[in-house]
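Below is one structure, written out as structure tokens; the observations come after it.
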Amino acid sequence: MNQDEVNDLGQVVKSRTFTKGDYIFREGDLSDCLVVVHKGTIKVSKFSDEGKEQILRILFPGDFFGQYSLLENKKHYADAEVLEDTTVCLLHKNDFKLILERNPGMAMNFMMALSELLQMADEWIGTISLLEVERRLAKALLLFFEKENEKEFFMLPVPKKDFASLIGATPETLSRKLVHLQSIQVLELDGRRGIRLLDIEKLKEIAG
């Protein structure tokens with residue numbers, strides 16, 4: 001965005017802080033804001049009728065959600081739980097629509113961001129449904145590596161049982177795969193959630 005666009009948004013964006021364990025929204029809540037993560041991480045998940053949780057996305061700084069509310073009245077399709085102290089930027093749909101109407105360039109950029117988000121969702125669905133667990137795991141680790149500004153050491157944003165849910169595996173299978181990657185010196189496990197990547201090129205090769 002150019003400075004004029006930044007100034008326009010700055011007049012209508014509101015900031016809100018949440019603490020670990022808070023819900024920004026629950027499934028079925030009315031959605032009327034675009035939410036951009038400024039600081040922290042958020043887990044977006046659904047529960048089956050049997051009470052089993054399926055994690056859909058982990059949101060990092062710069063990620064956004066609630067985009068469907070900007071185009072039509074929709075209810076949230078999942079829960080959004082704060083994993084650590086988090087600050088988000090809120091943009092009400094009426095304010096955003098006025099800005100987009102005045103600024104075709106910003107509207108086009110927003111459409112491109114939506115397109116990229118849909119593409120990522122399609123790719124992740126393909127990853128979960130078609131690839132073996134080790135490749136899913138490698139892709140997820142590379143995603144976390146990217147979101148952590150390519151730091152070779154990072155903490156998993158969720159407990160391992162939730163991480164297993166994210167990649168469509170059982171906790172036991174995830175543990176075996178992590179131990180295997182450690183045995184071939186692709187990564188090093190540090191405590192319950194610490195990961196140190198030792199051979200990123202090899203991890204990319206495994207991810208395909």
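Side-chain atoms are counted along with the backbone in the values below, which use heavy atoms only and exclude waters and symmetry mates.
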[X] with [Y], same ILVMFWY side-chain cluster at under 4.5 Å:
X    : Y    : result
M112 : F110 : no
I200 : F153 : no
V36  : V12  : yes

Gap between atom [atom2] of [Y] and atom [atom1] of [X] - 0.5 Å precision:
X    : Y    : atom1 : atom2 : answer
I42  : E81  : CD1   : CD    : 10.5 Å
S45  : R57  : OG    : CZ    : 12.5 Å
E132 : E134 : CD    : CD    : 6.0 Å
L203 : R135 : CG    : CZ    : 12.0 Å
K204 : L197 : NZ    : CG    : 10.5 Å
T41  : K20  : OG1   : NZ    : 9.5 Å

Examine distances only and state if a side-chain atom of [X] and a backbone atom of [Y] form a donor-acceptor pair shorter than 3.5 Å.
X    : Y    : result
R193 : L156 : yes
R26  : D79  : no
N103 : L100 : no
R16  : C89  : no

Excluding sequence neighbours, so at least two apart, what forms side chain to side chain donor-acceptor pair (under 3.5 Å) with E201? none
NZ/NE/NH1/NH2 to OD/OE distance under 4.0 Å, E205 and K202: yes
Determine whether [X] and [Y] make a side-chain contact, defined as any pair of heavy atoms from C-beta on separated by less than 4.5 Å.
X    : Y    : answer
V158 : L166 : no
E27  : Y77  : no
I24  : V82  : yes
L91  : C33  : no
F96  : V13  : no

What are the two closest heavy atoms between [X] and [Y], and how far apart are they?
X    : Y    : result
G168 : R136 : O-NH1, 2.8 Å
L83  : P157 : CD1-O, 3.4 Å
I167 : A140 : CG2-CB, 3.8 Å
A164 : L174 : N-CD2, 3.8 Å

For residues 155-169, which residue pairs qualify under salt bridge (Lys or Arg N to Asp or Glu O under 4.0 Å), counting only residues two or more places apart or in two chains?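 Sorted pair list: K43-D162.
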Does the side chain of Q3 come under 3.5 Å of the side chain of N7 through a donor N or O and an acceptor N or O? yes
Any residue meeting ring-ring contact (aromatic ring centres under 6.0 Å, His included) with F163, in chain and number order, not counting sequence neighbours: F144
Other residues, nucleotides, ligands: >12 heavy atoms within 6.0 Å of M155 CE: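 Check passes, neighbour count above 12.
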Count the heavy atoms of every other residue, nucleotide or ligand shown that sit under 6.0 Å from NZ of K46, and state whether that count exceeds 12.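 Yes, NZ of K46 has more than 12 neighbouring heavy atoms, counting only those of other groups under 6.0 Å.
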Apply the test side chain to side chain contact (heavy atoms under 4.5 Å, CB included) to residues D32 and H92: give CA-CA distance (whole Å), side-chain angles for both, the deciding distance (0.1 Å), then the verdict. CA-CA 6 Å; D32 62 358; H92 194 274; 3.8 Å; yes
Expected list for residues 176-188: side-chain donor-acceptor pairs under 3.5 angstrom, two or more places apart:
{"unit_1": "R176", "atom_1": "NH2", "unit_2": "T173", "atom_2": "OG1", "d": "3.3"}
{"unit_1": "Q182", "atom_1": "OE1", "unit_2": "L189", "atom_2": "N", "d": "2.9"}
{"unit_1": "S183", "atom_1": "OG", "unit_2": "H180", "atom_2": "O", "d": "2.6"}

Does K14 have any salt bridge (Lys or Arg N to Asp or Glu O under 4.0 Å) partners at least two apart in sequence or in another chain, and if so, which? none
Do any pairs count as a ring-ring contact (aromatic ring centres under 6.0 Å, His included) and have a residue in residues 13-54, sequence neighbours left out, and if so which ones? F25-F65, F25-H76
Carefully, step by step, assess E150 and F145 under the rule side chain to side chain contact (heavy atoms under 4.5 Å, CB included). CA-CA 5 Å; E150 299 191 349; F145 169 67; 3.4 Å; yes
Take S15 and L90 through the test side chain to side chain contact (heavy atoms under 4.5 Å, CB included) and record every step on the way to the result. CA-CA 6 Å; S15 176; L90 303 173; over 6 Å; no
Which residue is it: L142, I58, D63? I am looking for the one with a side chain to side chain contact (heavy atoms under 4.5 Å, CB included) to K147.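 Answer to the side chain to side chain contact (heavy atoms under 4.5 Å, CB included) test with K147 among L142, I58, D63: D63.
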Give the C-alpha distance, both sets of side-chain angles, the deciding distance and a yes or no for side chain to side chain contact (heavy atoms under 4.5 Å, CB included) between I55 and V44. CA-CA 6 Å; I55 298 178; V44 179; over 6 Å; no
